[in-house]
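Here is the naming used below: chain letters follow the sequence lines, and residue numbers restart at 1 for every chain.
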There are 2 protein chains.
Amino acid sequence: MLTAIHTAVGELVGERADKITFPMIAERAGVNPTTLYRRWKDVNALMEEVAAAALTRDGDPVPDTGSLEQDLTQWADIIARDITRPMRVRYLRAMVAARIDIVVGCSVTEARLEQAVLMVDRARERGETTPTAAQILDHVIAPLYHHVVFALPVDPGYARRLVRDVLTMAR
Amino acid sequence: MLTAIHTAVGELVGERADKITFPMIAERAGVNPTTLYRRWKDVNALMEEVAAAALTRDGDPVPDTGSLEQDLTQWADIIARDITRPMRVRYLRAMVAARIDIVVGCSVTEARLEQAVLMVDRARERGETTPTAAQILDHVIAPLYHHVVFALPVDPGYARRLVRDVLTMAR
DNA sequence: GCCATAAAGCAACGATCTTTGCTTTGATGA
DNA sequence: TCATCAAAGCAAAGATCGTTGCTTTATGGC
């Protein structure tokens, strides 16, 4: 029941991010629109719930190659591939539009920060000189998201360039 | 007439970025809704026009202090103050939501790029070693917008820190 | 000054969303 | 098993949006 609703929202976000209504969701989920109107304040409230479930997803494994440069390159590449998927782009847009950033955006960023901290800590234990985790967020993650949200190109070499840039800060 | 419509849209964006309709705009502007339905394809088309007019605004003067670090610091500070204004934040959100990024987002980014090029060129003529204009966009502008869009804090020192970071790339 | 064309207003219609009262289903505990 | 209460379905009414045909106004050329 509830999962049917969540998947229905997910499908609709994947198809048309513009103008998703309760009746649409209800039809897909095979429930009565009234149920949705009664349970959630509005469509954004439901979307927030779905986005939180979809994006706060489990800990992706963090690369551990033995060199921070390799780790970051792989990591940035994975993220770049992930957030440029049309479906994911629409999720991001929908999130921003629905103002669910305060809740979800922060949790996503925090997850990325934790991953960065992990890689940086390992590198430091190996004796490498590293940028801070916050710098990695600012100079690798932020530009990637910026390009996605504003529909700027994210070619394969771009993530690599960002990693190269942030590493020069450590020297 | 046309300006009345534009200002009406601006007001509405400033108040409620969610669900702006032609009848709302028409009422504010003192015109008939039909006029809007006939002239613009949909609300997004009108929003795009207004956003373009509001954001492509004239060439803000670019700082010219005689040192790139000073220039960038002042510039980033101005931008940070500008894009954190509640009204501007709502504009950005509305833009992203309405998918008018492809048109407007690019033009805004291009304007920033031109400004960065100007400052970098001047610095190079003075003999300074500088990052590229593209790097300034990636590592100063992008993190600022990222923080705004995802509702992360943009305290005064943040812009300064970004500038410091990007300058270390040039050495 | 008059006519032609384009733009804006008006009004009515249809479609869709949203709300609300009431009924039905289903799960829980005595 | 039955009683009870919460949650879901149903149906009708109300509100808003979006569309379209027609009328009115204004602007420019002759």
Side-chain angles (χ1 to χ4, degrees), chain A residues 1-54 87 90-104, chain B residues 1-54 87 90-104:
Chain A
M1 163 89 272
L2 207 160
T3 65
I5 294 170
H6 277 211
T7 59
V9 171
E11 287 177 20
L12 285 170
V13 168
E15 295 165 19
R16 31 173 89 108
D18 52 333
K19 202 187 153 196
I20 294 176
T21 64
F22 275 149
M24 287 182 197
I25 300 165
E27 191 190 355
R28 292 260 180 147
V31 301
N32 195 292
T34 315
T35 304
L36 306 181
Y37 282 110
R38 287 230 163 86
R39 189 190 283 260
W40 289 278
K41 194 175 124 284
D42 52 28
V43 177
N44 286 350
L46 172 53
M47 293 258 296
E48 174 173 337
E49 199 175 296
V50 176
M87 169 94 173
R90 276 187 278 252
Y91 254 113
L92 283 174
R93 287 181 192 292
M95 276 175 49
V96 173
R99 301 224 194 91
I100 50 190
D101 39 42
I102 294 98
V103 179
V104 180
Chain B
M1 164 88 269
L2 207 160
T3 66
I5 294 171
H6 276 212
T7 58
V9 172
E11 287 177 20
L12 285 169
V13 168
E15 293 166 19
R16 29 176 86 107
D18 52 333
K19 203 185 156 197
I20 294 176
T21 65
F22 275 149
M24 286 184 198
I25 300 165
E27 192 190 355
R28 292 260 180 148
V31 301
N32 196 292
T34 315
T35 303
L36 306 181
Y37 283 112
R38 288 232 162 85
R39 189 190 283 258
W40 288 277
K41 194 175 122 284
D42 52 28
V43 177
N44 287 351
L46 172 54
M47 293 258 296
E48 175 174 335
E49 198 175 298
V50 175
M87 170 90 174
R90 275 186 279 251
Y91 254 112
L92 283 174
R93 288 181 193 293
M95 277 175 47
V96 173
R99 299 225 195 93
I100 48 189
D101 39 44
I102 294 97
V103 179
V104 179

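Between B/R28 and B/E15, at least one side-chain N (NZ, or NE/NH1/NH2) sits under 4.0 Å from a carboxylate O, which counts as a salt bridge. Residues A/E48 and A/K41 are not paired through a salt bridge, judged by the lack of any N-O separation under 4.0 Å between the basic side chain and the carboxylate.
Going from atom CE of A/M1 over to atom P of C/dT25 covers 16 Å, rounded to whole Å. At whole-Å resolution of the value, CD1 in B/I25 and P in D/dG18 are 10 Å apart. Rounded to whole Å, the distance from CD1 on A/I20 to C1' on C/dC17 is 15 Å. Remark: P of D/dC17 and CG of B/L46 are 15 Å apart, rounded to the nearest angstrom. Remark: P of D/dT19 and CG of B/N32 are 14 Å apart, rounded to the nearest angstrom. To the nearest angstrom, P of C/dC17 lies 12 Å from CG of A/L36. Atom CG in B/L2 sits roughly 15 Å away from atom P in D/dT27 (whole-Å rounding). A straight line from CH2 of B/W40 to C1' of D/dG18 spans 16 Å, rounded to a whole angstrom.
Below the 3.5 angstrom threshold, one finds a donor paired with an acceptor across the side chain of A/R38 and the base of D/dG9.
When side chains are defined from C-beta on, A/N32 does not count as touching A/Y37, because their heavy atoms never get closer than 4.5 Å.
OP1 or OP2 of D/dG18 lies within a sub-4.0 Å distance of a side-chain N or O belonging to B/Y37. Side-chain N/O atoms of A/T34 include none lying less than 4.0 angstrom from OP1 or OP2 on D/dA8.
Within 4.0 Å (heavy atoms only), B/T21 reaches sugar-phosphate atoms of the nucleic acid but no base atom.
In this structure, the side chain of B/T35 does not engage the main chain of B/V31 through any donor-acceptor pair within 3.5 Å.
With A/L46 as the fixed residue, the side chain to side chain contact (heavy atoms under 4.5 Å, CB included) test singles out one of A/N44, A/V43, A/V50: A/V50.
Among the nucleotides C/dA7, C/dT18, D/dA8, the one closest to the side chain of A/R39 is D/dA8. Relative to the side chain of B/T35, the nucleotides D/dC17, D/dG18, C/dA8 differ in distance, and C/dA8 lies closest.
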